[in-house]
Enquirer: 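Submitted below is the structure of interest, expressed as structure tokens.
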2 protein chains.
Amino acid sequence: MAHADVIGAAEDRVFAALASPVRREVLRMLRDQGPQPVAEMAGHFDMARPSFSEHLRVLREAGLVSERKVGRRRYYRLEAVPLHEVQEWLNPFERYWRERLAGLRDVLDSLPDDPEGASS
Amino acid sequence: MAHADVIGAAEDRVFAALASPVRREVLRMLRDQGPQPVAEMAGHFDMARPSFSEHLRVLREAGLVSERKVGRRRYYRLEAVPLHEVQEWLNPFERYWRERLAGLRDVLDSLPDDPEGASS
DNA sequence: TGGACAGGTAGGAAATTTCCTACCTATAGT
DNA sequence: ACTATAGGTAGGAAATTTCCTACCTGTCCA
């Protein structure tokens with residue numbers, strides 16, 4: 001069935017989009033500061049404008065952002081629903097890291113106090 | 001401070017590791033079927049052995065799997081804690097997709113019933 | 001109507017990823 | 001010791017990603 005392939009391809013694009021630190025930072029900026037035009041975001045990155053445009057294209061094709069034209073600006077906006085799909089992918093793993101974190105906490109609790117952090 | 005860079009680099013490696021459908025599938029297999037030797041997992045992929053080894057290396061360097069030698073086999077095991085860090089990255093976005101999903105549900109509720117799903 | 005500005009596309013170089021074949025190492029069994 | 005098996009490393013081709021400079025389009029404003 002082709003439907004599952006399309007879903008799968010969409011999932012691939014979302015995970016691939018998140019693989020870049022630049023693109024994750026863009027999502028964070030849109031989350032914390034709301035919709036913004038390109039120049040506002042691009043100013044935070046040491047990168048030529050077309051390179052930044054390319055990152056926006058990857059985010060757009062993953063469905064993670066949308067754009068709205070206002071005059072000669074394009075406001076980009078966070079579209080968070082695909083991130084929900086990522087979380088759903090993660091959910092079945094949760095019990096495994098909870099086990100591990102619980103085990104780690106037990107070990108730490110059994111160590112002598114060391115408020116200064118003597119590691120190194 | 002170098003520490004944050006190291007943390008950042010670790011986060012990068014985890015997200016980059018998740019970008020491959022093959023590697024996500026490996027994590028799922030280790031989750032659902034427990035620790036397994038390489039051949040058992042590799043059999044599910046149409047890929048030469050060294051290519052699969054390379055995927056395992058990426059997962060190892062991201063801290064997402066560990067290996068334990070038993071005879072001449074190496075059992076790989078899921079290490080889920082880095083996935084917890086992914087979930088923590090995702091958490092601050094949750095309220096945005098919840099808004100969206102709630103909005104979508106309202107729209108769907110306002111549509112006439114269509115049990116057969118008429119979308120082609 | 002002519003800049004100037006926002007932001008995209010085109011085309012290409014360099015780096016990285018993904019896959020391969022060939023080969024090496026370590027362990028098990030005879 | 002010899003051979004087979006598990007799985008890694010080496011080296012390289014092809015595809016993809018990431019960045020660049022140059023240029024184009026659309027909108028605003030004088």
Side-chain angles (χ1 to χ4, degrees), chain A residues 8-30 33-79, chain B residues 8-30 33-79:
Chain A
E11 186 184 273
D12 287 356
R13 275 195 293 273
V14 174
F15 275 101
L18 294 180
S20 156
V22 169
R23 291 190 291 262
R24 289 198 304 279
E25 183 60 26
V26 168
L27 295 177
R28 246 194 303 231
M29 288 173 49
L30 292 175
Q33 297 155 44
Q36 294 172 63
V38 175
E40 189 115 359
M41 294 186 282
H44 292 69
F45 299 94
D46 181 21
M47 181 183 296
R49 194 60 64 78
S51 308
F52 191 69
S53 270
E54 172 70 8
H55 283 298
L56 291 178
R57 188 185 60 73
V58 172
L59 289 168
R60 237 184 295 122
E61 291 181 354
L64 285 161
V65 300
S66 59
E67 60 169 5
R68 175 179 52 109
K69 299 186 62 171
V70 175
R72 60 186 144 178
R73 307 233 177 94
R74 302 186 190 192
Y75 281 81
Y76 275 79
R77 179 192 151 101
L78 173 67
E79 294 293 340
Chain B
E11 186 184 273
D12 287 356
R13 275 193 295 271
V14 174
F15 275 101
L18 295 180
S20 156
V22 170
R23 292 191 292 262
R24 289 198 304 278
E25 184 60 26
V26 168
L27 295 177
R28 246 194 304 228
M29 289 173 49
L30 292 175
Q33 296 155 43
Q36 294 171 62
V38 175
E40 190 115 0
M41 292 185 284
H44 292 69
F45 299 93
D46 181 21
M47 181 183 295
R49 194 60 64 75
S51 308
F52 190 69
S53 270
E54 172 71 7
H55 283 298
L56 291 177
R57 190 185 59 73
V58 172
L59 288 169
R60 237 185 294 122
E61 292 182 353
L64 285 162
V65 300
S66 59
E67 60 168 7
R68 175 179 53 109
K69 298 187 61 171
V70 175
R72 60 187 142 176
R73 309 234 176 94
R74 303 185 189 192
Y75 281 81
Y76 276 79
R77 178 192 150 100
L78 174 66
E79 295 293 340

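Convention: sequence-line order gives letters A, B, ...; per-chain numbering from 1. Only this structure's heavy atoms are used, side chains among them; waters, hydrogens and symmetry mates stay out.
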Enquirer: Between Arg77(A) and Pro35(A), which heavy-atom pair has the shortest distance, and what is it?
Expert: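 Heavy-atom minimum between the residues: CG-CG, 4.0 Å.
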Enquirer: Would you classify Pro37(B) as touching base, sugar-phosphate or nothing, given that sugar-phosphate means primed atoms plus P, OP1 and OP2, and contacts are heavy atoms under 4.0 Å?
Expert: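 The answer is sugar-phosphate, as Pro37(B) gets under 4.0 Å only of primed atoms, P, OP1 or OP2.
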Enquirer: Using only side-chain N and O atoms of Ser53(A), determine if any of them is under 4.0 Å from OP1 or OP2 of dG7(C).
Expert: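 No, Ser53(A) has no side-chain N/O under 4.0 Å of OP1/OP2 on dG7(C).
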Enquirer: Could you check whether Ala48(B) gets within reach of a base, just the sugar-phosphate, or nothing at all, counting any heavy atom under 4.0 Å?
Expert: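 The residue Ala48(B) makes base contact.
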Enquirer: Quick one: closest heavy-atom pair of Val14(A) and Ala62(A), and the distance?
Expert: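 Closest pair (atom of Val14(A), atom of Ala62(A), distance): CG2-O, 3.6 Å.
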Enquirer: Between atom CD of Glu11(A) and atom CG of Leu18(B), what is the distance when rounded to the nearest 0.5 Å?
Expert: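 Reported to 0.5 Å precision, the distance equals 10.0 Å.
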Enquirer: side-chain contact (heavy atoms from CB on, under 4.5 Å) between Val38(A) and Arg49(A): does it pass, once the steps are laid out?
Expert: CA-CA 9 Å; Val38(A) 175; Arg49(A) 194 60 64 78; 4.2 Å; yes
Enquirer: Measure CG/Asp46(A) against P/dT18(D) and give the value in whole Å, please.
Expert: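 Taking CG of Asp46(A) and P of dT18(D), I get 16 Å after rounding.
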Enquirer: Flag the pair Arg60(B) / Ser66(B) as yes when at least one side-chain heavy-atom distance between them is below 4.5 Å, and no otherwise.
Expert: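 They are not in contact (no side-chain heavy atoms under 4.5 Å apart), so the answer is no.
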Enquirer: dT16(C) C1' sits how many Å from Glu61(B) CD, rounded?
Expert: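 From Glu61(B) CD to dT16(C) C1': 14 Å.
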Enquirer: When the nearest nucleotide of DNA chain C is assigned to Glu67(A) and to Arg49(B) on a heavy-atom basis, which residue is associated with the more 5' position?
Expert: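 Whichever sits nearer the 5' end wins; that is Glu67(A).
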Enquirer: When you measure from the side chain of Arg74(A), which nucleotide among dG7(C), dG8(D), dC20(D) comes out closest?
Expert: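 Of the candidates, dG7(C) comes closest.
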Enquirer: Taking atom P of dG8(C) as reference, at what distance in whole Å does atom CZ of Arg60(A) sit?
Expert: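 Rounded to the whole Å, the gap is 6 Å.
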Enquirer: Given atom CD of Glu54(A) and atom P of dA14(C), what is their separation to the nearest angstrom?
Expert: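 Computing the Glu54(A):CD to dA14(C):P distance gives 19 Å.
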Enquirer: With a cut-off of less than 4.0 Å, is there a side-chain N or O of His55(A) near OP1 or OP2 of dT17(D)?
Expert: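 His55(A) to dT17(D) OP1/OP2: no side-chain N or O under 4.0 Å.
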Enquirer: Determine the contact category for Tyr76(A): base if any of its heavy atoms lies under 4.0 Å from a base atom, sugar-phosphate if only primed atoms, P, OP1 or OP2 are that close, otherwise nothing.
Expert: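 Sugar-phosphate, no base atom in range.
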Enquirer: Closest to the Arg23(A) side chain: dC19(D), dG7(D), dT18(D)?
Expert: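 My answer, after comparing the listed nucleotides, is dT18(D).
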Enquirer: Figure out the CZ/C1' separation between Phe52(B) and dC20(C), and round it to whole Å.
Expert: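 Computing the Phe52(B):CZ to dC20(C):C1' distance gives 16 Å.
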Enquirer: How many Å lie between CG on Leu56(A) and C1' on dT17(D), as a whole number?
Expert: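 Distance check: Leu56(A) CG to dT17(D) C1' gives 16 Å.
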Enquirer: For Phe45(A), report the nucleic acid contact type (base, sugar-phosphate, nothing); a contact means any heavy atom under 4.0 Å.
Expert: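 Phe45(A): no heavy atom of the nucleic acid under 4.0 Å.
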Enquirer: Round to a whole Å and report the spacing from CZ of Arg68(B) to C1' of dA6(D).
Expert: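 Taking atom C1' of dA6(D) as the reference, CZ of Arg68(B) is at 15 Å.
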Enquirer: Measure the distance from CZ on Arg72(B) to P on dA6(D) and round it to the nearest whole Å.
Expert: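 For the pair Arg72(B) CZ and dA6(D) P, the rounded distance is 6 Å.
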Enquirer: Of the options dT27(D), dG7(C), dT18(D), whose atoms approach the side-chain atoms of Ser20(A) most closely?
Expert: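 Closest nucleotide to the Ser20(A) side chain: dT18(D).
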Enquirer: Whether Ser51(A) contacts dT18(D) is assessed here as follows: a side-chain N or O lying under 4.0 Å from the phosphate OP1 or OP2. Is that the case?
Expert: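 For dT18(D), neither OP1 nor OP2 has a side-chain N or O of Ser51(A) closer than 4.0 Å.
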Enquirer: As a test of reading the structure: which of dG26(D), dC20(C), dT18(D) is closest to the side chain of Pro50(B), going by heavy atoms?
Expert: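 Nearest listed nucleotide: dC20(C).
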